[in-house]
Q: 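The structure that follows is given in the form of structure tokens.
Quick note on labels: first sequence line is chain A, next is B, and so on, each numbered from 1.
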Amino acid sequence: MKTTEASKGTITVTLPDGSEREYPPGTTGYDIAASIGKKLARDALAIKLNGSVRDLRAPLDESGPIQILTFADPEGREVFWHSSAHVMAQAVTELVPGTKLAIGPPIEEGFYYDFDPPKPFTPEDLEKFEERMSEIIAEDAPFKRNECDLDVARQIFGERGEQYKLELLDKFEEEGEQISYYTSSRFLDLCRGPHIPSTGKIKAFKLLNIAGAYWRDAEGNPQLQRIYGVAYPDKKLLSDFMHRREEAERRDHRRLGKQLKLFSIDENSGAGLVLWHPRGAFIRRRIEDYWYKRHEESGYELVYSPHIARLGLWEQSGHTGFYAENMYPPFEVENNPHQLKPMNCPFHILIYQSDLRSYRDLPMRWAELGTVYRYERGGVLHGLFRVRGFTQDDAHIFCRRDQVEEEIVTVLDFSLSMYTAFGFPDVRICLSTRPEKAIGEPADWEMAENALRHALEQGNHTYDVDEGGGAFYGPKIDLHVRDAIGRSWQCGTIQFDFNLPERFDLSYIGSDGQKHRPVMVHRALLGSLERFFGILLEHHAGTFPVWLAPEQAIILSVTEKVEDYAYALADELKSSDVRVNVDARPEKIGLKIREAEMQKIPYMLIVGDRESQDHTVSVRAHGRRDLGTMSVDEFAARIRAENRPGVDGTSISADAEGT
RNA sequence: GCCCAUGUAGCUCAGGAGGUAGAGCACAUCCUUGGUAAGGAUGAGGUCACCGGUUCAAAUCCGGUCGUGGGCUCCA
């Protein structure tokens with residue numbers, strides 16, 4: 001495939017559309033882009049030839065498939081952001097002499113660079129860095145590639161006192177990599193490249209925040225100052241990004257949780273421990289009720305287990321070994337050490353062991369909303385998303401080997417239908433296979449991985465594979481839901497476990513009268529109720545669908561004269577199972593509407609003289625203004641229709657207020 | 001845990017280079033009976049997170065503790 005064809009006097013490149021073109025050797029990516037079109041030449045950032053990404057200005061000497069990379073390509077964006085990191089590093093080193101450079105890669109959205117400055121950066125520094133970056137971009141300085149040998153590189157970076165770069169060079173020596181550095185404007189950096197043609201391609205950028213980060217991610221190493229930024233070839237893209245950020249901030253579950261009186265976390269009870277207020281608790285219970293109902297319908301049996309257990313149980317399960325970091329210290333109960341539970345599985349195993357099991361009994365599917373406590377370091381706690389006490393929607397399936405595949409198929413379908421019910425139809429599936437350090441027989445791993453794969457294929461699901469990403473005790477499938485603004489959240493997980501059945505010596509009696517080891521599968525759909533509630537809250541931007549809303553409608557009386565009608569109406573709607581309250585305060589209707597809108601109550605029923613006389617309601621939906629007048633029965637029917645999982649009548653429309 | 005930032009009324013925040021604090025919203029009372037996102041007046045409300053130090057004097061300066069926020073995964 002890879003041929004040097006200088007002898008032929010031409011190189012042949014294949015464009016993504018399959019067409020072939022010939023160019024003289026030494027032609028650059030830019031030349032090719034220009035020969036295709038003006039716009040492409042202007043947008044081109046780099047070129048991919050034979051699978052390797054190169055500078056646009058690099059002379060090409062091979063034939064093969066090419067792709068002109070622009071900002072529209074993931075690889076083009078990587079190059080763009082990497083170059084942006086260089087521009088930032090130049091600004092920083094020029095403004096803060098003595099700053100040492102570490103690394104500066106592109107990330108999912110944007111880039112960062114790690115610095116070791118004489119003293120930590122302040123938020124005000126960022127503005128100065130941005131100004132200098134604008135100057136560097138105005139220069140439109142070209143990025144130039146230079147290749148050299150190790151000694152030259154060591155001399156260059158040694159003279160500059162770039163200790164981190166010297167460390168990197170040691171690593172590259174081991175790996176035998178070609179050493180290269182790039183220059184642009186007055187800046188020089190050790191860099192594999194490639195880069196965009198010149199700094200002027202960066203039309204809009206923003207430095208976002210400063211963070212501490214360890215050199216090479218190791219806690220013992222010096223802590224560096226990391227600056228995160230984003231950059232784009234178009235101002236519009238930056239403003240889109242800033243809008244997405246604002247939107248995410250507007251939906252922040254911590255903020256909405258306070259505003260809508262759903263939950264709190266009080267330092268008097270402790271960091272990472274959630275207090276559910278009545279409205280939040282109401283929604284949680286709706287979720288739980290639905291969860292129980294679906295599990296009972298789907299062949300699960302419900303179990304309950306205690307919050308503490310004797311330490312020996314956790315020793316037998318192995319948690320005191322491999323999970324010690326996340327467990328609270330044990331405590332004495334009548335001279336017996338006990339342990340707060342970080343997981344539910346050992347209890348379910350004890351239930352399994354409480355009786356002799358026959359192959360006819362399997363599969364056994366035991367589900368529990370089990371509250372567990374895990375020690376998380378203070379710095380990682382985050383609202384409801386990372387807490388110390390939470391309720392897992394846990395279940396364990398004990399089955400025979402010949403049942404595994406069908407069980408997985410069923411769990412997968414069950415999971416997806418639950419997500420749809422909660423308004424998440426878009427789910428990403430990821431299969432994680434055997435890691436290097438793993439226990440269990442290779443044959444078991446193969447069986448389990450095949451079962452997972454077959455289940456995915458049988459259901460016609462597309463999925464990603466994370467080779468070696470499984471737990472040490474078994475392979476797994478992770479399920480990630482996509483929310484209303486495109487963010488992905490891992491919720492579900494389906495995990496094989498070869499460890500616990502061995503450790504507890506689980507068995508069932510087969511048709512041959514012999515003992516056999518059952519297969520154990522852990523699975524969670526929502527993950528934790530706390531976290532899932534947070535995700536749901538952000539997904540709906542606080543406007544819960546009617547079936548979950550603690551208050552589905554509020555009756556707003558225009559004057560005190562219609563107070564009696566308002567209460568009678570409330571009774572009538574309540575008897576149709578509508579969750580409704582009355583706001584009969586002697587306040588103006590505008591104020592009542594404003595407050596109900598801010599509480600994101602799905603429906604507001606405005607009643608005055610007219611409605612009172614006609615036995616109607618004037619309906620206003622959250623974020624959708626006045627929907628007009630309808631009869632009480634009509635409204636009740638509307639609520640009934642929307643009061644079902646999966647129906648999202650209110651938040652489908654734009655949630656337009658700017659509170 | 002580590003780096004940086006931060007903690008002032010129920011909430012959102014001003015202020016404070018050392019002399020015991022302020023706004024808006026919310027709350028209470030009164031006036032207003034008003035038709036689709038804020039009617040008006042009056043009032044109450046704070047050991048300025050906690051503990052210690054310096055000082056005649058600390059909310060302010062120093063140290064510690066706790067909490068909160070952004071990070072500490074995506075490898076020139």
Q: If you check the Asn209(A) side chain, which of G35(B), G70(B), G1(B) turns out closest?
A: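 The nucleotide sitting nearest to the side chain is G70(B).
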Q: Taking the side chain of Ile606(A) as its heavy atoms from C-beta onward, which of G35(B), G39(B), A76(B) lies nearest to it?
A: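 The closest nucleotide is G35(B).
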Q: Where the side chain of Lys588(A) is concerned, which of G35(B), G39(B), G1(B) is the nearest nucleotide?
A: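 It is G39(B).
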Q: For Lys561(A) and U33(B), give me the distance from atom NZ to atom P, rounded to whole Å.
A: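 Interatomic distance, NZ of Lys561(A) to P of U33(B): 10 Å.
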Q: Under 4.0 Å, heavy atoms only, any strand: does Asp609(A) hit a base, just the sugar-phosphate, or nothing?
A: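 Contact class for Asp609(A): base.
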Q: Which dot-bracket string describes RNA chain B (Watson-Crick N1-N3 plus N6-O4 or O6-N4, or G-U N1-O2 and O6-N3, all under 3.5 Å; [ ] crossing; | other strand)?
A: (((((((..((((.....[..)))).(((((.......))))).....(((((..]....))))))))))))....
Q: Determine whether any donor atom in the side chain of Gln223(A) lies under 3.5 Å from an acceptor atom in the base of G1(B), or the reverse, and answer yes or no.
A: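 No.
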Q: Among all residues two or more places apart in sequence or in another chain, which pass the side chain to side chain donor-acceptor pair (under 3.5 Å) test with Arg585(A)?
A: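 Counting only residues at least two positions away or on another chain, Arg585(A) forms a side chain to side chain donor-acceptor pair (under 3.5 Å) with Asp583(A), Glu595(A).
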Q: If you check every side-chain atom of Lys258(A), which of C11(B), C2(B), C72(B) has the closest atom?
A: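 Among the listed nucleotides, the one closest to the side chain of Lys258(A) is C11(B).
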Q: For Glu611(A), which contact category applies under a 4.0 Å heavy-atom criterion: base, sugar-phosphate, or nothing?
A: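 Touches a base.
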Q: Heavy atoms only, 4.0 Å cut-off, all strands: where does Ala213(A) land among base, sugar-phosphate and nothing?
A: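 The answer is sugar-phosphate, as Ala213(A) gets under 4.0 Å only of primed atoms, P, OP1 or OP2.
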Q: Quick one: does Glu267(A) reach the base of A49(B) with a side-chain donor-acceptor pair under 3.5 Å?
A: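 Result: no qualifying N/O pair found.
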Q: What contact category does Ile103(A) fall into here, base, sugar-phosphate, or nothing, at under 4.0 angstrom with non-hydrogen atoms?
A: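 Sugar-phosphate contact only.
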Q: Strictly below 4.0 Å, N to O, side chains only: are Glu246(A) and Arg250(A) in salt-bridge contact?
A: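 Salt bridge between Glu246(A) and Arg250(A), a charged N being under 4.0 Å from a carboxylate O: no.
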Q: Look at the side chain of Glu587(A) and decide which nucleotide, out of G39(B), G70(B), A37(B), has an atom nearest to it.
A: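 Nucleotide nearest to Glu587(A)'s side chain: G39(B).
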